[in-house]
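Encoded as structure tokens, the structure appears first; notes follow it.
Reckoned from all heavy atoms, side chains included, excluding hydrogens, waters and symmetry mates. Whatever order the structure lists ligands and atoms in, that order sets their numbers, starting from 1.
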Amino acid sequence: MKKTLTIGNIQVPNQLILAPMAGYTDSPYRRCCKKFGVGLLYSEVISSLGLVFGNKKTFEMMKFHPDEHPISLQLFGNSPDKMAEAAKAGEQFGFDLIDLNLGCPAPKIVKNGAGGELLKDPMKLPELFRTVVQAVSIPVTIKMRVGYQPEANVVREVAIMAEEAGIQAIAIHGSTVIQNSLGSRQWGPIREAKESVSIPILANGGIKKPSDILTLLEETKADGVMIGRAALGRPWFFRDCLAILEGQDPYKIDHHAIDTNEMFAVIQQQIEWMLECKGEVTTIREMRTHLHHYLKGFPESSQVKDKINKTKNLEELRNILRTYKNTFFAL
Ligand SMILES: Cc1cc2nc3c(=O)[nH]c(=O)nc-3n(C[C@H](O)[C@H](O)[C@H](O)COP(=O)(O)O)c2cc1C
């Protein structure tokens with residue numbers, strides 16, 4: 001049964017959320033997912049210091065299109081004051097929510113005491129939460145992992161602290177920081193959090209096929225499902241999940257293949273949107289990684305990916321895709 005989701009004063013039209021994924025979930029890709037019905041979007045993780053000190057690249061990464069609302073700005077950092085300042089700037093920029101990253105394992109983030117490192121010492125978190133919550137009038141959420149290391153489950157403790165400090169929703173990736181994305185299916189602790197607080201819990205980790213969302217919602221009793229890797233090169237994954245939430249046969253949806261004409265149209269749209277905001281050189285470079293996902297499993301895709309990797313020209317990229325489509329997918 002399709003339900004909506006309310007986070008503070010923000011109405012999310014359904015329970016489906018695109019996970020923030022650095023290097024992928026930029027505005028053009030998010031807009032593709034939005035076309036297929038995703039309810040809530042997050043920015044890629046943004047440095048609070050970069051924002052506070054006016055770094056040009058940081059502001060470029062924050063840009064979003066009016067179609068993307070509701071959209072959350074995800075921040076990383078470890079100084080409550082700087083995170084609060086960055087959150088204020090994010091609110092002024094037009095974001096609907098602020099999210100604090102408590103899970104990123106990337107060395108350049110944890111070595112500065114931010115991201116997943118924050119879970120090592122949960123006692124410091126209430127000050128961070130309160131300072132950011134008090135600085136803005138939009139809802140503040142957190143995205144966390146189960147703990148830093150396997151034997152250190154801090155979900156319940158952090159969830160209670162977060163709710164007490166005014167945090168309005170918690171996304172929980174069911175793995176620990178040092179596991180990275182391995183073991184992404186620790187869904188028990190997500191249910192523990194759901195039983196401990198009354199703010200919305202967004203369950204994340206290990207969704208591979210659309211019907212997995214039913215199992216995740218059932219096992220965790222979460223209010224929403226956050227989907228990451230399964231939607232890479234498959235923005236229509238959200239349409240399939242919505243169909244299941246609307247009561248369509250999960251088996252049929254899981255085994256339904258995308259119409260390749262539609263797939264190539266989505267790719268073309270993503271290229272056009274990326275070109276508008278990033279220019280030709282970046283579009284060619286960044287579309288390579290997206291195309292790697294789009295074309296996975298299709299005939300002779302490794303040969304076409306090889307050609308895509310070598311091209312330095314957008315017209316050539318379009319030609320490669322056109323020829324590939326006409327050779328293998330013409331009716
Ligand atoms: C390439 C990549 C980049 C990611 N970047 C972020 C990020 O910027 N912020 C964040 O909170 N999580 C990030 N994550 C973690 C995802 O948001 C998500 O929690 C994780 O992939 C598990 O969900 P999944 O099993 O549905 O992919 C990233 C994951 C991947 C694969």
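Close N/O approach between I227 and ligand 1 is not found [any backbone or side-chain N/O within under 3.5 Å]. An N or O contact shorter than 3.5 Å is missing between A19 and ligand 1 by distance. Between M226 and ligand 1, not a single N/O pair is under 3.5 Å apart. Taking only nitrogen or oxygen atoms, main chain and side chain alike, A22 reaches within less than 3.5 Å of ligand 1. Remark: ligand 1 and Y24 share no N or O pair separated by less than 3.5 Å (distance only, no angle test). Looking at ligand 1, you won't find any N or O of R145 less than 3.5 Å from one of its N or O atoms.
Summarising the contacts of atom 9 (N) of ligand 1 with K208, R229, Q74, the nearest heavy atom is found in Q74. In this comparison of G23, C104, P20, A230, the heavy atom closest to atom 17 (O) of ligand 1 sits on P20.
Not a single heavy atom of G103 sits under 4.0 Å from any atom of ligand 1. Heavy-atom distances between G205 and ligand 1 reach below 4.0 Å in at least one pair.
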> Does the pair R145 and T176 meet the rule for a side chain to side chain contact (heavy atoms under 4.5 Å, CB included), with working shown?
Replying inline: CA-CA 5 Å; R145 294 193 185 226; T176 60; 5.6 Å; no
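At a 4.0 Å heavy-atom cut-off, ligand 1 touches H173 through the side chain alone. The parts of V45 lying near ligand 1 are both backbone and side chain, judged by heavy-atom distances below 4.0 Å.
Counted by atom type alone, T4 and Q11 present zero donor-acceptor pairs between their side chains at under 3.5 Å. A donor-acceptor pair shorter than 3.5 Å cannot be found between the side chains of T25 and R30.
Of all atoms in ligand 1, numbered sequentially from 1 with element shown, those under 4.0 Å from a heavy atom of N101 are 9 (N), 10 (C), 11 (O). The distance from ligand 1 to the heavy atoms of K143 drops below 4.0 Å at these ligand atoms: 10 (C), 11 (O), 12 (N), 15 (C), 16 (C), 17 (O), 18 (C), 19 (O).
Hydrophobic clustering keeps F95 apart from M226 (ILVMFWY residues linked when any side-chain heavy atoms are closer than 4.5 Å, directly or through intermediates).
Partner of E272 under the salt bridge (charged side-chain N to carboxylate O under 4.0 Å, His left out) criterion, chosen from R318, R31, K278: R318. Screening Y24, Y29, F237, F298 for a ring-ring contact (aromatic ring centres under 6.0 Å, His included) involving H293 leaves a single residue, Y24.
Using cut-offs of 30° and 60° on the angle between ring planes, the pair F329 and F264 is tilted. Relative ring orientation between H290 and Y294 is described as tilted, the plane-to-plane angle lying within the 30° to 60° band.
A salt bridge does not link D240 to R234: none of the charged side-chain nitrogens sits closer than 4.0 Å to a carboxylate oxygen.
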